[in-house]
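Beneath this line is the structure, given in structure tokens, with notes to follow.
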Amino acid sequence: MTQQIVTASRLADGRVLFRAPEGWSTDIHDALVFTPEEAAAAVTRAQGEPTRVVGAYAVDVDDAGLPLLGRERIRVFGPTVAPYAAQLEA
Amino acid sequence: MYQYDTFDHQLLADRVAEFSDQVDRRLTGALTEDQFRPLRLMNGLYLEMHAYMLRVAIPYGVLSSRQLRGLAAVARTWDKGYGHFTTRQNIQFNWPRLTDVPAILQALADVEMHAIQTSGACIRNVTIDPFAGVAGDEIADPRPWAEIIRQWSTLHPEFTFLPRKFKIAISGAIEDRAAVRFHDIGLRVIRNDAGDLGFRVWVGGGLGRTPRVARELRPFLPAAQILGYLEAALRVYNLHGRRDNKYKARIKILVDEIGIDAYRDQVEAEWHAAGGPALVVPEAEIARVADFFAVPDYVTLPDATVELARWRGADSGFDAWMGTNILTHRAPGYAAVTVSLKPVGGIPGDITADQMDAMADLADRYSLGELRATKEQNLVLPNVRQDQLHALWSALRSLGLETANKGRVTDIISCPGQDYCSLANARSIPMAQEISRRFADRRRLDTLGPITLNVSGCINACGHHHVGNIGLLGVDKRGAEAYQLVLGGDAGEADSSIAQITGRAMTAEEAVDAVEVTAAVYLDRRQDAETFIQTFRRIGVTPFKEAIDAAR
């Protein structure tokens with residue numbers, strides 16, 4: 001059965017967000033797992049928060065709640081290349 | 001270099017105020033995202049995979065040390081301590097917050113920089129030869145013309161909503177280092193039989209999903225007539241370019257569809273109707289702008305032949321760097337230096353804020369305070385005394401910026417790819433890094449000689465794969481990243497060619513192996529001192545295809 005999470009970009013800084021039980025989270029481990037129907041409804045609801053999030057969409061995930069597609073995994077975990085790792089999260 | 005006047009300063013001040021207000025209105029909900037998106041794009045602000053991305057214009061790639069320090073401050077204060085030089089002589093910041101962008105634009109304005117027209121369907125930053133004004137093979141300096149075109153095209157009301165983006169390149173030297181035949185309009189500085197300065201005008205070149213080598217629009221246009229003629233060329237495009245399909249909206253498609261002769265007839269008619277040859281940039285204005293690019297006061301020096309030979313003999317690292325990263329300068333005793341941003345295993349074009357500050361200091365100490373950004377994603381110090389080259393190299397070495405690989409197979413052009421870009425189908429940077437490691441050995445680089453290797457993460461071709469001697473294109477193969485190898489591209493005007501596909505897409509590992517096979521075929525088949533591209537042109541793509549297939 002297809003499982004999905006809902007993701008978007010935070011308006012103020014563009015950071016990746018996930019629909020969580022309490023609003024939105026930057027941590028995928030907080031993400032709610034939906035059926036496709038529930039996810040579609042959550043995407044629609046996100047359009048009601050235009051000053052908070054941009055570009056909400058649903059992503060297929062595996063049983064661990066992680067995206068199936070490589071592109072979406074990169075979006076979750078950040079660039080796979082970290083040139084100046086020490087500075088990256090400074 | 002060009003210094004802003006009161007008009008330039010006022011224009012930026014107005015723009016910063018306007019965009020600050022637009023950001024405020026977006027944050028409070030007075031503007032919807034659909035309304036705000038085109039406004040932020042007009043200010044170079046994209047929303048990418050992980051964050052916003054701000055693309056800052058470096059007008060025709062010319063940068064002062066003060067401006068580079070300004071960019072370092074942006075990277076340090078509002079980003080994650082680094083920036084990324086692009087394949088069009090600009091710089092991108094990958095992590096700005098929307099709420100900080102007004103402050104960033106103000107900081108940029110303070111050093112006479114901005115992000116206007118780095119996105120959107122308008123005339124983009126003009127690209128030129130990064131060795132403009134200093135190259136030994138130069139016919140005339142393209143910088144004054146690039147500046148005149150910059151002023152004309154900035155916020156030009158007629159060309160703010162073109163069918164699609166529009167890119168202009170100018171080359172002023174014998175060797176085309178600006179890829180003039182792969183731009184919407186390419187201008188080649190020439191002199192006619194009477195010795196008058198002018199441009200050979202190319203139109204309809206480009207990369208992307210429909211790569212085209214530009215066709216000749218005019219064999220000679222007197223230089224002073226450039227703006228009237230460009231205006232006519234853009235007007236015909238603006239009128240007839242397609243707006244129904246973004247993939248068919250570039251001028252190359254219009255030229256394809258109506259033919260170069262019909263397009264030329266319309267441009268000439270439009271130009272003559274508006275005044276034709278009588279429409280000239282006033283002589284006094286050309287002289288005023290050219291003054292900003294006057295030849296600096298070079299010290300009269302002999303070539304430092306003896307010292308250089310001694311240093312090269314004593315230090316193999318310096319010798320290798322001198323062999324690849326130095327271009328002959330117009331002034332005796334000077335050299336133009338390429339500072340490679342392609343260390344082994346590094347990210348092409350990436351530079352830390354500390355390195356930017358250090359490069360600014362080196363520009364002040366060794367290069368009259370000026371730098372250039374190149375479409376190959378390197379930096380140039382254009383005015384270095386030959387007797388200071390060893391000192392400069394030693395300083396670069398302490399910064400990790402002494403890589404001796406300009407024009408070699410590890411001087412890889414790479415777009416950000418799927419690590420950053422929303423459009424990408426595959427990652428580019430890890431591919432560039434792996435090839436860089438495989439070919440890192442000095443003897444190997446020298447044995448292979450001049451080769452361009454370009455990587456794009458999607459068909460939009462920001463990594464210029466179509467014009468790489470070796471090109472890699474990232475594609476999506478049923479949800480997995482894969483790479484197509486193309487061979488035989490050349491960006492130069494004289495031998496412009498689009499690379500040919502070698503076969504079906506491969507995994508990343510197979511693709512790197514295929515690059516190895518390609519190099520081996522070249523070494524096996526080359527005659528005398530043939531370069532890679534010369535061998536390719538002689539034997540064609542088939543021997544490479546066969547060897548790649550056999551190895552799989």
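Every chain is numbered from 1 and lettered A, B, ... according to where its sequence line falls, protein lines coming before strand lines.
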Top contributor to chain B contacts, counting heavy-atom pairs under 4.5 Å, from A/P50, A/A12, A/G55: A/A12

Set of salt bridge (charged side-chain N to carboxylate O under 4.0 Å, His left out) partners for B/R76, sequence neighbours left out: B/D354, B/D357

Could you check B/C421 against B/E48 for side-chain contact (heavy atoms from CB on, under 4.5 Å), going step by step and ending with a plain yes or no? CA-CA 6 Å; B/C421 176; B/E48 294 292 352; 4.1 Å; yes

What do the steps show when you test B/D411 against B/K342 for salt bridge (Lys or Arg N to Asp or Glu O under 4.0 Å), and what is the final call? CA-CA 6 Å; B/D411 184 9; B/K342 320 286 175 67; 2.6 Å; yes

Of the backbone (N, CA, C, O) and the side chain (C-beta and beyond), which part of B/L27 lies under 4.5 Å from a heavy atom of chain A, both, or neither? both

Inter-chain contacts: residues 425-433 of chain B against chain A, heavy atoms under 4.5 Å: B/R427, B/I429, B/P430, B/Q433

Under 3.5 Å side-chain donor-acceptor pair for B/T410 and B/N405: yes

Residue pairs meeting salt bridge (Lys or Arg N to Asp or Glu O under 4.0 Å), one or both in residues 15-43 of chain A, sequence neighbours left out, come to A/R19-A/E49

Within a radius of less than 6.0 Å around CZ of A/R73, do more than 12 heavy atoms belonging to other residues, nucleotides or ligands occur? yes

If you count heavy-atom pairs within less than 4.5 Å of chain A, which of B/R26, B/E33, B/M53 leads? B/R26

Side chain, backbone, both or neither: which part of B/T32 has an atom under 4.5 Å from a heavy atom of chain A? neither

Using non-hydrogen atoms and a 4.5 Å limit, figure out which bit of A/R10 sits close to chain B: side chain, backbone, both or neither. backbone

Could you tell me the separation between the CD1 atom of B/I104 and the CG atom of B/L71, rounded to the nearest 0.5 Å? 11.0 Å

Give, as side chain, backbone, both or neither, the part of A/T80 having an atom under 4.5 angstrom from any heavy atom of chain B. both

Can you name the ring-ring contact (aromatic ring centres under 6.0 Å, His included) partners of B/H114, sequence neighbours left out? none

With a 4.5 angstrom heavy-atom cut-off, which part of A/L69 approaches chain B: side chain, backbone, both or neither? side chain

Does any backbone or side-chain atom of A/V54 lie under 4.5 Å from a heavy atom of chain B? Answer side chain, backbone, both or neither. side chain

Between A/R52 and A/L11, is any pair of side-chain heavy atoms under 4.5 Å apart? no

Counting only heavy atoms closer than 4.5 Å, note whether B/P96 contacts chain A via side chain, backbone, both or neither. backbone

Do B/W95 and B/Y82 get their side chains close enough for a donor-acceptor pair, meaning under 3.5 Å? yes

